[in-house]
Amino acid sequence: MIRIVTTETPYKVGETVKLSGWVHKQRYLSKVTFLLLRDRGGIIQCILEKEWLNFRVENESIVEIIGDVVESKKQKLGVEIHVRNIRVINKCQKAIPFEINQSELKAGMDHLLNHRTISLRHEKNQAIFKIQSVLSQSFGDFFTSHGFTRIFTPKIVSQGAEGGANVFSLNYFGKNAHLAQSPQFYKQMMVASGFERVFEIGQVFRAEAHHSSRHLNEYVSLDVEIGFIDDVKEIMEWETDVLKYMISRVNDQCKRELEILDVKLPFITEIPCLTLYEAQEILSSQYQKASPEGDLDSEGERLIGEYVREKYNSEFVFITNYPCETRPMYTMPSNDSALTESFDLLYKGLEITSGGLRIHDYEMLLQSFSSKGLNPNDFASYIEMFQYGVPPHGGFAIGLERLTANMTGVGNIRGATAFPRDLERLIP
Ligand code: AMO
């Protein structure tokens, strides 16, 4: 009997198998042709001799092979396939725009993104997106196992949830609507609806005209919101715990991918914490670097990343106690200062998370919106719920592409996005 297999299937020497995939590379010698077949799990060497010796097909064509499994100590899989029959299922008809059977893709980012289906076939890209898949899956698994409900909130909304004007507008049957900047209001509304603990994995949209290696106009936000919580440190502990879990899952499930990328993941014990004021002081005294009012800029984040790596041997650092002015209108102010109960998390000197406690008091919220120059009436359906009994709550959101890019050593966030949307790019 012929068993249908992939490169991931354990092979039994001596059996006859059928496998399908892409022709990765071919090498012709006088008495043998070597054909490397690639599928989702990797590459296997196939040997063509005798009547198949002169078989030729363009690389990247799709073929189906029936052959015998033969032990081969030189091969990574420990076996190779001696071909009995090979059938071309779909020929690659056009010269591919760049070689993908080399260890590195040698083309500029734009060219690679213009031909994304081809560049994604490269084993390093396959590895990046498999790791990303495990990151999002493990994020969901962690919170599901802690009593959280997965939610799906609308992406067509009437108001931006993050303050600021970076919203995409659209005509919604004659009404002015926006693409959601984040599920912020809705995740809070789900807590208030009695679910208490919720998470969401979904696309969000930011109309930011940035030309940068860290900004996308559409990205995946890993959002969490937790009811009955009144200390911002608890939220930071949740984030620390989920990151530990996500890293352990990638270590367990992506051994091959980590090897392909030559990446070792960080080991988190405890994440150090600096107040924004402390971080700005360190930048000023040790790096002679001025910071923007109430915030860090990207260079400041990078330098703080270096500082904590040296001082605490940590790739992560929480930055806390941001002032009200630089945080969104829903952020809980601290009792005794003009600061807030909020934080950012930097990973290798790049912000990957914002989070904090939220205002749950109706009057305080009205005042916060007004103080930011926002008309509470424009946000009535959100603000109204705070009159109906809302528990103290807080949460955070991780940018999936930033996390993946940093973890896999991709310098540009586009490399961790299958089909990025940026200032210029709307296709593919
Ligand atoms: P914030 O706006 O800081 O907070 O976003 C949270 C995280 O999302 C990622 N991110 C981005 N990634 C790619 N391109 C962008 N343009 C972009 N903008 C943000 C970052 C960032 O840390 N509602 C709050 C979260 C909360 O408090 O729960 C929010 O969206 O990794």
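Atoms within a ligand are numbered from 1 in the order they appear, just like the ligands themselves. Please read these numbers as outputs of a predicted model, since none were measured by experiment.
Contacts of Y330 with ligand 1, taken as heavy-atom pairs under 4.0 Å, involve the side chain alone.
In this structure, S221 has no heavy atom closer than 4.0 Å to ligand 1. Residue R214 places a heavy atom under 4.0 Å from ligand 1. Note on ligand 1: E162 sits in its first shell, one or more heavy atoms being nearer than 4.0 Å.
Here the two rings, on F185 and Y382, have centers that are under 6.0 Å apart. In summary, the aromatic rings of H360 and F386 are positioned with their centroids too far apart to meet the 6.0 Å limit. For F148 and F199, the distance between ring centers is not under 6.0 angstrom. F205 has its ring centre no less than 6.0 Å from the ring centre of F168.
Near R206, meaning under 4.0 Å from any of its heavy atoms, are these atoms of ligand 1: 1 (P), 2 (O), 5 (O), 18 (N), 19 (C), 29 (C), 30 (O). Counting the atoms of ligand 1 from 1 in the order shown, those under 4.0 Å from a heavy atom of S182 are 23 (N), 30 (O). Near A397, the atoms of ligand 1 lying under 4.0 angstrom from a non-hydrogen atom of the residue are 6 (C), 7 (C), 25 (C), 26 (C), 28 (O). Below 4.0 Å from some heavy atom of K187 lie the following atoms of ligand 1, by number and element: 26 (C), 28 (O). Atom numbering of ligand 1 starts at 1 in the shown order; those under 4.0 Å from a heavy atom of I413 are 13 (C). Each of the following atoms of ligand 1 lies closer than 4.0 Å to a heavy atom of Q184: 23 (N), 24 (C), 25 (C), 26 (C), 27 (O), 28 (O).
Protein heavy atom in closest approach to atom 31 (O) of ligand 1: I352 O, 2.8 Å. The nearest heavy-atom contact from the protein to atom 14 (N) of ligand 1 is L216 N, 2.9 Å. Considering only non-hydrogen protein atoms, atom 22 (O) of ligand 1 sits nearest to E351 OE2, 2.4 Å. Of the protein's heavy atoms, Y219 OH, 3.1 Å lies nearest to atom 8 (O) of ligand 1.
Side chains of T417 and E401: no donor on one and acceptor on the other come within 3.5 Å. In summary, the side chains of Q188 and H393 do present a donor paired with an acceptor at a separation below 3.5 Å, with no hydrogens or angles considered.
Counting heavy atoms only, E208 comes closest to atom 16 (N) of ligand 1 of the residues R402, E208, E218. Between the choices E225, R358, R327, the shortest heavy-atom distance to atom 28 (O) of ligand 1 belongs to R358. When A416, A405, S354, G356 are checked for heavy-atom proximity to atom 25 (C) of ligand 1, S354 turns out nearest.
Looking at K155 and E200, a side-chain N of the basic residue comes within less than 4.0 Å of a carboxylate O on the acidic one, giving a salt bridge. For the pair K244 and E239, the salt-bridge criterion is not met [side-chain N within less than 4.0 Å of a carboxylate O]. In summary, E306 and R309 do not engage in a salt bridge, as defined by a charged side-chain N under 4.0 Å from a carboxylate O. Taking a cutoff of 4.0 Å between a charged side-chain nitrogen and a carboxylate oxygen, E60 and K94 do not qualify as a salt bridge.
Ligand 1 has no N or O atom lying under 3.5 Å from any N or O atom of I398, backbone or side chain. On a distance-only criterion, V224 and ligand 1 share no N/O pair closer than 3.5 Å.
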Q: Apply side-chain hydrogen bond (donor to acceptor under 3.5 Å, both in side chains) to Q26 and N59, showing your working.
A: CA-CA 8 Å; Q26 299 163 87; N59 283 348; 3.0 Å; yes
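The backbone N or O of L400 lies less than 3.5 Å from a partner atom in the side chain of T404, making a donor-acceptor pair.
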